[in-house]
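First comes the structure, then the notes that go with it.
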Amino acid sequence: MIRTLDDDFGTVSALAVRGERIIAAGSAEECVTAAGPGARHVDLGGATVIPGLTDSHIHTSMYARDLVSVDLRKTKSLDIALDLIRTHAATLEPGAWLLGGRWDSNRWDVPVLPDRRSLDHAVPDRPAWLPTIDGHTAWVNSAALRALGIDRTTPNPPGGRIDRDADGEPTGIMRETATHLLDELIADVTVLQPLLRSALDRLLSHGLTSIHGIDGLEALHAFQALRKAGDLPIRVHKLIRHADLTDAIDSGLATGDGDSWIRTGPVKLFTDGAVGSHSCFMSHDFADEPGNHGHAVTALPELRDLVHNSHNAGIAIAAHAIGDRANHDLIDAFAEVLSGHHEHRLRYRIEHAQYLQHSDVKRIARLGIIASMQPKHCTATRLHCYTTAPAFASYEEHLKGRLRPGMMADFAVLADDPFSMDPSELHQVKVHSTFVGGEVRWCS
């Protein structure tokens, strides 16, 4: 059974594919006729076919590195985390950075922030950089601080903070934009490319055929290198990092440039932090931290300038906003350049849109802004969030998200029909194979 995801959620029994495109969807007889003599017939043995999935918010480089990094997601104490770190460090080449993390001290038996001294005891001989689960805070050791040239005299970067002890020395906790100081050290494409290729196979194994990549130029260069080698198996809608915006504008780059394999997306901006770090910008103080309502990573005047400059250059914006005040200010900035007509060429996105004031929900709808919630934060309509919705967000609704003539032949073959399953069992669905551009890119 083939779930086309057309408006009536209809099904067909066969697809005909020529090159990268679907040329017919209907009965087996209709598709055989459309395909013509000599066409190869593939019997999927009664499996269910759905349009290929798209992850519309993925830090692919981070994910690729995570696959070979220490995983602290499930740790329940600082001591357990340190034991895992010691074990992982013993597997690394001499001098190699220890990366990974994804820890959440709120889940530890004693929920306090760790420091560089405890990490120094576990990893004395190499730099260690371990971000939190939300990626907005990092825990580093003394070797990492030395490698980055950070000491008591180092100023906080704009929009970030280096935590310090009573003597003014860095504690080993880096927040928000201060975590970006590592970027240049881990941006070597020759290192990233094989890691990224392995990560793409993992994504294919889950039925993904496209991604909206949030990483920097190092990821773009790795994707381009894979494509040049004929080894890029997934379509990439590549967002522009804020730091690269000026160069993108100067070079004449615009949202939508490229082709069906690598296409330029919007610029990714940050307006605030995250809930777990108590750094998202709220209109009221956090209940357990009076006096703190988060803060703006990008001040409103700068945000407005960025929106106008990008808009005039033909570059759309996808802005991270979690707190209700951050979302409100961002919608204000978007409203200044959007007419309110949904057919406007540039499609603006709010990444996460986690806390909203009631009046702003209506403004988002009226202005045609895409509330880019991640499906794992959503309780219903998840297949739509992985298919037709991201296709619209990347201006590719005529190419992706449904299985109909003219669309790309990107689809996943599943062992079960997700429409007839208990929702609690969806995570157990097995992917038999994944097709991108009419070719099998992964098979179990």
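Because the structure is a prediction, the values reported are computed rather than measured.
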Discussion item. Quick one, Y395 with H237, criterion side chain to side chain donor-acceptor pair (under 3.5 Å). Give me CA distance, side-chain angles, the key distance, then yes/no.
Written reply: CA-CA 10 Å; Y395 311 83; H237 186 67; over 6 Å; no
Worksheet item: Under the side chain to side chain contact (heavy atoms under 4.5 Å, CB included) criterion, do S118 and W139 qualify, and how do the steps go?
Response: CA-CA 10 Å; S118 60; W139 173 27; 3.6 Å; yes
Worksheet item: Where do M421 and V429 land on the side chain to side chain contact (heavy atoms under 4.5 Å, CB included) test, with the steps shown first?
Response: CA-CA 9 Å; M421 297 178 65; V429 174; 3.3 Å; yes
Practice prompt. Could you walk me through whether M282 and D324 pass side chain to side chain contact (heavy atoms under 4.5 Å, CB included), step by step?
Written response: CA-CA 5 Å; M282 304 292 287; D324 71 311; 3.8 Å; yes
Practice prompt. Start with the C-alpha distance between D215 and R65, add both sets of side-chain angles, then the distance that settles salt bridge (Lys or Arg N to Asp or Glu O under 4.0 Å), and finish with yes or no.
Written response: CA-CA 12 Å; D215 297 285; R65 294 186 182 102; 5.7 Å; no
Worksheet item: E351 and K268: salt bridge (Lys or Arg N to Asp or Glu O under 4.0 Å), yes or no, with the steps?
Response: CA-CA 9 Å; E351 300 301 307; K268 172 67 184 304; over 6 Å; no
Item to complete: Take H57 and R349, measure what side chain to side chain donor-acceptor pair (under 3.5 Å) needs, and give me the verdict at the end.
Response: CA-CA 11 Å; H57 187 110; R349 296 165 52 165; 5.4 Å; no
Worksheet item: Can L196 and F223 be said to form a side chain to side chain contact (heavy atoms under 4.5 Å, CB included), step by step?
Response: CA-CA 8 Å; L196 199 60; F223 287 132; 3.5 Å; yes
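Side-chain contact check for S56 versus F392: every heavy-atom pair is 4.5 Å or farther apart. Within the 4.5 Å cutoff, no side-chain heavy atoms of K400 are placed close to those of P51. Here the side chains of P114 and L119 are not in contact, with every heavy-atom distance at 4.5 Å or above. A heavy-atom distance below 4.5 Å is found between the side chains of I350 and I331. Looking only at side-chain heavy atoms (C-beta outward), L53 and T387 come within less than 4.5 Å of each other. Counting only heavy atoms from C-beta outward, the side chains of N309 and T246 never approach each other to under 4.5 Å. Between T60 and D55 the shortest side-chain heavy-atom distance does not fall below 4.5 Å. Contact of the L330 side chain with the L269 side chain is not registered, since no non-hydrogen atoms from C-beta on lie closer than 4.5 Å.
Within 6.0 Å of OH on Y63 lie more than 12 heavy atoms contributed by other residues, nucleotides or ligands. Heavy-atom neighbours of R164 CZ from other residues, nucleotides or ligands within 6.0 Å: above the threshold of 12.
Note that the CG atom of L181 and the CD1 atom of I162 stand 6.5 Å from one another [nearest 0.5 Å]. Rounding to the nearest 0.5 Å gives a distance of 10.5 Å between CD1 of I317 and CD1 of I369. Summarising the geometry, atom CD1 belonging to I133 is positioned 11.0 Å from atom NZ belonging to K74; distances are rounded to the nearest 0.5 Å. Distance CZ/R345 to OG1/T255: 7.0 Å, rounded to 0.5 Å. Considering CG of L338 and CZ of R347, their distance stands at 12.5 Å, rounded to 0.5 Å. Taking CE of M407 as the reference point, atom CD of E20 lies at 15.0 Å (rounded to 0.5 Å).
Checking side-chain atoms of Q374 against main-chain N and O of S372 turns up a donor-acceptor pair under 3.5 Å. Put simply, the side chain of D247 never gets that close to the backbone of D244: no donor and acceptor are under 3.5 Å apart. Panel note: side chain D272, backbone G294; no donor-acceptor pair is recorded below 3.5 Å. No donor-acceptor distance shorter than 3.5 angstrom exists from the side chain of R402 to the backbone of T4, with no hydrogens or angles considered. Formation of a donor-acceptor pair under 3.5 Å by the T177 side chain with backbone atoms of G159 is found in this model. In terms of modelled atom types and a separation under 3.5 Å, the side chain of W129 and the main chain of A138 share no donor-acceptor contact. Between the side chain of S251 and the backbone N or O of A248 there is at least one donor-acceptor pair closer than 3.5 Å. The main-chain N or O of A178 is never found under 3.5 Å from a side-chain atom of N156 such that the two would form a donor-acceptor pair.
Judged purely by distance below 3.5 Å, without hydrogens or angles, the side chains of T171 and D163 never pair a donor atom with an acceptor atom. A donor-acceptor contact under 3.5 angstrom links the side chains of S277 and D134, judged on distance only. Side-chain polar atoms of D120 and S142 form a donor-acceptor pair below 3.5 angstrom. Side-chain contact check for R235 and S260: at least one donor-acceptor pair (N or O, by modelled atom type) lies under 3.5 Å. For the residue pair S77/D79, the side-chain donor-acceptor check at 3.5 Å is not satisfied.
Of the charged side-chain nitrogens involved, none lies within less than 4.0 Å of a carboxylate oxygen, so that R202 and D66 do not count as a salt-bridged pair.
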Determine all donor-acceptor pairs shorter than 3.5 Å in which one atom belongs to a side chain in residues 432-444; sequence neighbours excluded.
from, atom 1, to, atom 2, distance (Å)
T434, OG1, L204, O, 2.6
R441, NE, V436, O, 3.0
R441, NH2, V436, O, 3.3
S444, OG, H432, O, 3.2

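Taking the six-membered ring for Trp and thresholds of 30 and 60 degrees, H352 and H320 have ring planes more than 60 degrees apart, a perpendicular arrangement.
In summary, the aromatic rings of H180 and H242 are positioned with their centroids too far apart to meet the 6.0 Å limit. Aromatic pair H293/H295: centroids not less than 6.0 angstrom apart.
Considering all non-hydrogen atoms of both residues, I234 and L200 come closest at CD1-O, 3.8 Å. Across all non-hydrogen atoms, the minimal contact from L403 to D410 is CD2-O, 3.7 Å. Pairing each heavy atom of F334 with each of A319, the nearest pair is CZ-CB, 4.5 Å. Of all the heavy atoms in I240 and G265, the pair that sits closest is CD1-O, 4.1 Å. Across F411 and I50, no two heavy atoms sit closer than the pair CB-O, 3.2 Å. Closest of all the heavy-atom pairs between A321 and N327 is O-ND2, 3.4 Å.
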